[in-house]
Novice: 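Below you'll find the structure I mean.
So that the names make sense, note that chain A is the first sequence line, chain B the second, and so on, each numbered from 1.
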2 protein chains.
Amino acid sequence: MPTSVNSNPTDQRILDGALELFADRGFEATSLDLIGKVVGISKQSVLYWFPSKEDLLMALVDRSVDDLSLALEDSLENPRSPSGRDQGWFKIESVVKAVFRVSAKRPELIGLLREISRLGPPASSRLVERFDPLLTRAYAFLDGEMDRGTIKRHEPKFLLLATYSMVVGMVSEIELLRAMGEEPSMRSLVKRRSDVLEFLRSALLIERD
Amino acid sequence: MPTSVNSNPTDQRILDGALELFADRGFEATSLDLIGKVVGISKQSVLYWFPSKEDLLMALVDRSVDDLSLALEDSLENPRSPSGRDQGWFKIESVVKAVFRVSAKRPELIGLLREISRLGPPASSRLVERFDPLLTRAYAFLDGEMDRGTIKRHEPKFLLLATYSMVVGMVSEIELLRAMGEEPSMRSLVKRRSDVLEFLRSALLIERD
DNA sequence: AAACTAGCCTACCATATGGTAGACAGGAGT
DNA sequence: ACTCCTGTCTACCATATGGTAGGCTAGTTT
């Protein structure tokens, strides 16, 4: 009997289970047996859908990048920021909010990012490769905003990596937070979100009269 | 015959090997056999010094926290920043520089931090626990500086975690950097350091006339 | 000289792991 | 009716892993 009542196609359910487990316990520490168990099938059925554990990981990277891209693209096209005077800054704010939204709704996706970058190639190269279109757009956008003088000039590549590290750290270092005496909760996630935004604002935004 | 010509006591050499391997390949992916091999002894001798793999990890956490604390404390006591007008800011700069110095000289230490926080309790709780004295000092220092009005007000706990995430990310996400087209090198590390400092400066420093 | 200890080793074990081989059930195509 | 294909399973395997048991040696203690 399946652990979860889930009527999706088997391969998607396997990816669901693997995502959760890889993000939570790590790739090496997750056995195919365990994945099978949470999905409600046998290890061999997992191997039927994905010829090897690494193939499974790669497929998971692909699907996760698609999911994330979708969430971010959407927030780029239709920024949900409140009333505003500065379109450029709002896009940044909107993307950061989107990341926080994802990490509230699907924390495993963010956890997987960390795990992938830890595992190194070939998974990490595939990750960045698949993210490339989005990255390129982000570079162009940041360059444009700096040219327009709406945000302070930093190297886009650095800015992205730094912000990425910071945001992902803030939402995924829950162990450290807990150990620092803050009980992870919805409330504290919202707090951290506004802290991050305020920090970024003071780092990036150029105040005009 | 030992792999490295190292005449330190055996237990220290084991910790050295484990540090490198854990940081590089991860805890689960590192076998006791492999540790023994790089140290030049058998797995059973490893177990002679550390009764279990987890004991080894704990001992490694302890030693690494000591090493890191030493490097940071030193930079706090004797800031190496250039001529300056603002002691508070210079301490921050000095600490960030110290972290970069450590990550140039002993990148495994930073890598281990990530690995530990990924592994979760009990390793991560021990890590933070052992870091607590330093953390407390940092809180107090940041509070003081904010009161004095030298840096912008943010919640210290947030500020520390955010800066930690950013700095550690910048020095340890070399996979992502590489995939983003930047070849990790001494030169680029220095570049990233100055980028980070500039970013922090614009985020924190309050310019006065 | 006898006893003990430290440090290392070989031998071994139970378990877990990724993966292969192949069987069986049931629906679809002919 | 027969074949084929899809999806699942059981059985099995080679290998690796953390850990135990116990032995050997050289030096120190008594």
Novice: Picking from C/dG19, D/dT17, C/dT10, which would you name as closest to the side chain of B/Ser31?
Specialist: D/dT17

Novice: Would A/Ser69 and A/Asp66 count as having a side-chain donor-acceptor pair, cut-off 3.5 Å?
Specialist: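 There is no such pair (donor and acceptor under 3.5 Å, judged by atom type) between the side chains of A/Ser69 and A/Asp66.
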
Novice: So, is A/Trp49 close to the D/dT6 phosphate, meaning a side-chain N or O under 4.0 Å from OP1 or OP2?
Specialist: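 Indeed not, no polar side-chain atom of A/Trp49 lies that close.
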
Novice: Rounded to whole Å, please give me the gap between CG in B/Leu32 and C1' in C/dC9.
Specialist: 16 Å

Novice: Are side-chain heavy atoms of B/Val167 and B/Phe100 found at a separation under 4.5 Å?
Specialist: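 Touching, per the 4.5 Å side-chain cut-off.
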
Novice: In whole angstrom, give the distance that lies between atom CZ of B/Phe50 and atom P of D/dG19.
Specialist: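 To the nearest whole Å, that distance equals 14 Å.
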
Novice: Rounded to whole Å, how long is the line connecting atom CG of B/Leu47 with atom C1' of D/dG22?
Specialist: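 My rounded result for the distance is 15 Å.
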
Novice: Which nucleotide sits closest to the side chain of B/Ser42: D/dG19, C/dA6, C/dC9?
Specialist: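 Looking only at heavy atoms from C-beta outward on B/Ser42, the closest nucleotide is C/dC9.
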
Novice: Any Lys/Arg nitrogen of B/Asp33 or B/Lys37 sitting under 4.0 Å from an Asp/Glu carboxylate oxygen of the other?
Specialist: no

Novice: Considering just the side-chain nitrogens and oxygens of B/Tyr48, establish if one lies under 4.0 Å of OP1 or OP2 belonging to C/dG7.
Specialist: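 True: B/Tyr48 side-chain N/O within range (under 4.0 Å) of C/dG7 OP1/OP2.
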
Novice: Return the nearest nucleotide to the side chain of B/Ile41; candidates are D/dT17, C/dC9, C/dG18.
Specialist: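 My answer, after comparing the listed nucleotides, is C/dC9.
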
Novice: Atom CZ of A/Arg13 to atom P of D/dG7: distance rounded to whole Å?
Specialist: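 Rounding to the nearest Å, CZ of A/Arg13 and P of D/dG7 are 13 Å apart.
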
Novice: Between atom CD in B/Glu28 and atom C1' in C/dT15, what is the gap in whole Å?
Specialist: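 To the nearest whole Å, that distance equals 17 Å.
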
Novice: Find the distance A/Leu21:CG to C/dT17:P and express it as a whole number of Å.
Specialist: 12 Å

Novice: With the threshold set at 4.0 Å, does a side-chain nitrogen-carboxylate oxygen contact exist between A/Arg118 and A/Glu115?
Specialist: yes

Novice: Is any side-chain N or O of A/Thr10 closer than 4.0 Å to OP1 or OP2 of D/dT8?
Specialist: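 True: A/Thr10 side-chain N/O within range (under 4.0 Å) of D/dT8 OP1/OP2.
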
Novice: In whole angstroms, how far is the P atom of D/dT15 from the CG atom of B/Asp33?
Specialist: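 Going from CG in B/Asp33 over to P in D/dT15 covers 15 Å.
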
Novice: If you only use heavy atoms from C-beta on, which nucleotide in C/dG19, C/dC9, D/dG18 is closest to the side chain of A/Lys53?
Specialist: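 Looking only at side-chain atoms, A/Lys53 lies closest to C/dG19.
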
Novice: For a quick check under 3.5 Å, do A/Asp67 and A/Ser64 share a side-chain donor-acceptor pair by atom type?
Specialist: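 Not at all, the side chains of A/Asp67 and A/Ser64 share no donor-acceptor pair under 3.5 Å.
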
Novice: Nearest to the side chain of B/Gln44, which nucleotide is it out of D/dT20, D/dG18, D/dT8?
Specialist: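 Among the listed nucleotides, the one closest to the side chain of B/Gln44 is D/dT20.
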
Novice: Among D/dT10, C/dC8, D/dG18, find the nucleotide with the atom closest to the side chain of B/Ser45.
Specialist: C/dC8

Novice: I need the CD1-P distance between A/Ile35 and C/dT17, as an integer number of Å.
Specialist: 11 Å

